[in-house]
Amino acid sequence: MSFKELNRRSLLKRSTGAIALAMGAGSPFLSSGKAYAQASKLASEQLRTIGLSVTVQERILADFKKASGVGATSGTAATFPDAQTKILSGSKDYDCWEIIAERLPSIVMTNNVETIPAASMKNWANIRDTFTKPSDKWDRKAQIVGQIWADEAQTTLNMVPAVYNYDSIGYNPDVLSAEEANTWTAIFDKKWKGKSGLNTDPLIAFGQAIMAMNTLGLLNVKNPGNPSAKEIDEAAAFLISKKKDGQFRALWGDFGELVNLMASGEMVVCDAWQPAVMAVKAQGKPCKYAVPKEGYRAWAIGPAMIAGTPNKDAVAAYADYWLSGEPGIAVSEQGYYSPSTNIKNVMAPEKYGFWYEGKPWMGKEDRGIKEGDLRDGGSLEERAKHVAYWHQWPDEYDHLVQKWDEFLNA
């Protein structure tokens, strides 16, 4: 079914100093005569955001409050399915959902989102081409540029990208060789029975299973992010058989849980977020991020304004702040990417070189990274060329979720 045919019922299953700061040179917001009025508005508003702990961080919210002059900030960490349920159930507790782009249709088709004009954000001018120019490798809706915009003219956004990455497989190099780990089939390999892990988000798990099945010759799906009903059935049967056979040590959904399972050695291979791999290495434990031969899973997360919020200016300012450069440092040093080239202007050159340009680490050891180490996978440019698919909202979403429930109950 198409986006327009989505079943809505199933979707439901401050102070003068701050004002002066917002007016001052170098502000990531307004710098004209409108600045005072804008800062006054922000001082009377608050920002209540929900999203993964990846972006909903107290230090980022505190820095945003200081830089913008917004009256108050609060953040709630929640998985994407849980946040989606809260918002579609009518919760008025939040102004902003730091959503992953593939789930945008869930709030667009139910009128739970308000758009943000690109021209209203000072920092939009430095957005990367990935978010404005479609690649000829995929259909438009099957890539990020076809998901975040509310109009074909690309003037208003349903979501402002704040962080993105190309996800892969975390593994223990003392147990698996690079050759064994550099394929999505590793998660499902009987050799690692009882010691592999799978993410609890069905839009992640199904795509990974399908890539593995393609490699194993069990399927031939061109776009793992948008499988047909029949392909979903086959992938579900594959996942259920693996679960019943005891393949998975855990179905993980929490960052801390993932880190603990990998650091303890209970899981030796799993789909993983790169910051979790870095966190394991920081504990002095062996961990690497694979370069899967099938390609990476690509995604982007960013603020979406929840319809009816009384704090519209705060949300728009928060979205713009994410593109200002500074908050991008925090996520870049975890292993993610900023969608704004402003990051290069604020990040230490040697660190930018390591995280973005594929250059060797310089300086003292930090979180398990030693002098001369290279980032797993190489530069941003190199990794971007090796993407298997961008996550998207599948046409058969309802069927996929039904089959995921069968997997969980198996």
Side-chain angles (χ1 to χ4, degrees), residues 79 81 167-221 224-225 227-273 276-277 280 285-297 388-389 391 394 396-397 399-410:
T79 65
D167 276 2
S168 180
I169 301 152
Y171 69 100
N172 185 331
D174 287 353
V175 180
L176 283 77
S177 68
E179 183 180 3
E180 290 172 315
N182 288 343
T183 169
W184 289 102
T185 63
I187 296 173
F188 308 99
D189 192 329
K190 289 182 179 179
K191 191 173 182 179
W192 318 118
K193 178 179 175 180
K195 291 190 174 184
S196 76
L198 195 66
N199 192 281
T200 56
D201 188 330
L203 298 185
I204 293 177
F206 268 93
Q208 294 169 162
I210 288 169
M211 284 192 290
M213 293 174 76
N214 280 348
T215 297
L216 293 169
L218 302 174
L219 280 177
N220 184 22
V221 182
S228 68
K230 183 178 179 181
E231 291 161 349
I232 290 169
D233 289 344
E234 294 187 43
F238 176 79
L239 285 167
I240 289 171
S241 70
K242 290 295 179 180
K243 183 183 178 185
K244 287 184 174 180
D245 197 38
Q247 179 68 25
F248 309 117
R249 166 59 184 85
L251 302 177
W252 67 271
D254 176 76
F255 179 88
E257 177 187 20
L258 172 59
V259 172
N260 290 337
L261 285 164
M262 288 196 294
S264 68
E266 293 178 65
M267 287 195 321
V268 299
V269 60
C270 58
D271 56 344
W273 299 331
V277 171
V280 175
K285 307 290 185 178
C287 200
K288 288 185 69 66
Y289 213 42
V291 182
K293 62 183 181 182
E294 300 89 353
Y296 300 106
R297 295 186 293 102
Y389 71 97
H391 277 278
E396 296 290 348
Y397 173 81
H399 187 64
L400 185 148
V401 171
Q402 177 190 334
K403 288 298 178 178
W404 180 249
D405 286 342
E406 291 180 13
F407 165 75
L408 293 177
N409 293 324

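Note that these values count all heavy atoms, side chains included, but never hydrogens, waters or copies made by symmetry.
- Side-chain atoms of Trp273 and Asp167, non-hydrogen and from C-beta on, do get closer than 4.5 Å to each other.
- Scanning all heavy atoms of the two residues, the minimum distance from Met211 to Pro224 falls at CG-CG, 3.8 Å.
- A donor-acceptor pair is defined here as one N or O able to donate and one able to accept, closer than 3.5 Å; no such pair exists between the side chain of Glu234 and the backbone of Glu231.
- Of the N and O atoms on the side chains of Ser177 and Glu179, not one donor lies less than 3.5 Å from an acceptor on the other residue.
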Item to complete: Under the side chain to side chain contact (heavy atoms under 4.5 Å, CB included) rule, what do Thr215 and Lys293 come out as? Steps first, then yes or no, please.
Response: CA-CA 9 Å; Thr215 297; Lys293 62 183 181 182; 3.8 Å; yes
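- Annotation: the span from Thr185 atom OG1 to Asn214 atom CG amounts to 11.5 Å, rounded to 0.5 Å.
- Nearest heavy-atom pair across Gly253 and Thr79 is O-CG2, 4.0 Å.
- Residues Val269 and Lys195 have side chains not in contact (no heavy-atom distance under 4.5 Å, counting atoms from C-beta outward).
- Looking only at distances, a side-chain donor or acceptor of Tyr289 sits under 3.5 Å from a matching main-chain atom of Ser168.
- Rounded to the nearest 0.5 angstrom, Tyr296 OH and Trp184 CH2 are separated by 10.0 Å.
- Qualifying salt bridge (charged side-chain N to carboxylate O under 4.0 Å, His left out) partners for Lys242, counting only residues two or more places apart in sequence or in other chains: none.
- Within a 6.0 Å radius of NZ in Lys403, other residues, nucleotides and ligands contribute more than 12 heavy atoms.
- Formation of a donor-acceptor pair under 3.5 Å by the Asn182 side chain with backbone atoms of Val291 is found in this model.
- Distance check: Leu176 CG to Ser196 OG gives 10.5 Å after rounding to the nearest 0.5 Å.
- Relative ring orientation between Phe188 and Phe248 is described as perpendicular, the plane-to-plane angle rising above 60° on a 0-90° scale split at 30° and 60°.
- Checked options Asp174, Val259, Val277; the residue passing with Cys287 is Val277 (criterion: side chain to side chain contact (heavy atoms under 4.5 Å, CB included)).
- Between Pro202 and Leu400, the shortest heavy-atom contact is CB-CD2, 3.7 Å.
- Atom CD of residue Gln247 and atom NZ of residue Lys190 lie 9.0 Å apart, to the nearest 0.5 angstrom.
- In this structure, the side chains of Leu198 and Phe407 come closer than 4.5 Å at one or more pairs of heavy atoms.
- Contact detail for Ala410 and Lys243: the closest heavy-atom pair is O-NZ, 3.2 Å.
- Not counting sequence neighbours, the partners of Trp252 by the side chain to side chain donor-acceptor pair (under 3.5 Å) test are Asp271.
- Listed for the His391 side chain is a donor-acceptor partner under 3.5 Å among the backbone atoms of Leu203.
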Discussion item. With side-chain hydrogen bond (donor to acceptor under 3.5 Å, both in side chains) as the criterion, how do Thr183 and Glu294 come out once you've worked through the C-alpha distance, each side chain's angles and the decisive distance to 0.1 Å?
Written reply: CA-CA 7 Å; Thr183 169; Glu294 300 89 353; 2.6 Å; yes
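- Under a 3.5 Å cut-off, the side chain of Glu406 and the backbone N or O of Ile240 do not form any donor-acceptor pair.
- Nearest heavy-atom pair, Phe206 versus Ala235, reported as atom, atom and distance to 0.1 Å: CD2-CB, 3.7 Å.
- In this structure the side chain of His399 reaches within 4.5 angstrom of the side chain of Asp233, judged on heavy atoms.
- In this structure the side chain of Asp245 reaches within 4.5 angstrom of the side chain of Lys193, judged on heavy atoms.
- Interatomic distance, CD1 of Ile187 versus CG of Leu239, reported as 10.0 Å (0.5 Å rounding).
- By the neighbour-count criterion of 12 heavy atoms within 6.0 Å, atom NZ of Lys285 is sparsely surrounded, having that number or fewer from other residues, nucleotides or ligands.
- Taking each heavy atom of Ala181 and Ala290 in turn, the nearest pair found is O-CB, 3.5 Å.
- With rounding to the nearest 0.5 Å, the separation of CD in Gln402 from CD in Glu396 is 10.5 Å.
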Worksheet item: Can you check side chain to side chain contact (heavy atoms under 4.5 Å, CB included) on Cys270 and Met262, steps first, answer last?
Response: CA-CA 9 Å; Cys270 58; Met262 288 196 294; 3.7 Å; yes
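- At least one donor-acceptor pair closer than 3.5 Å links the side chain of Asp254 to the backbone N or O of Glu257.
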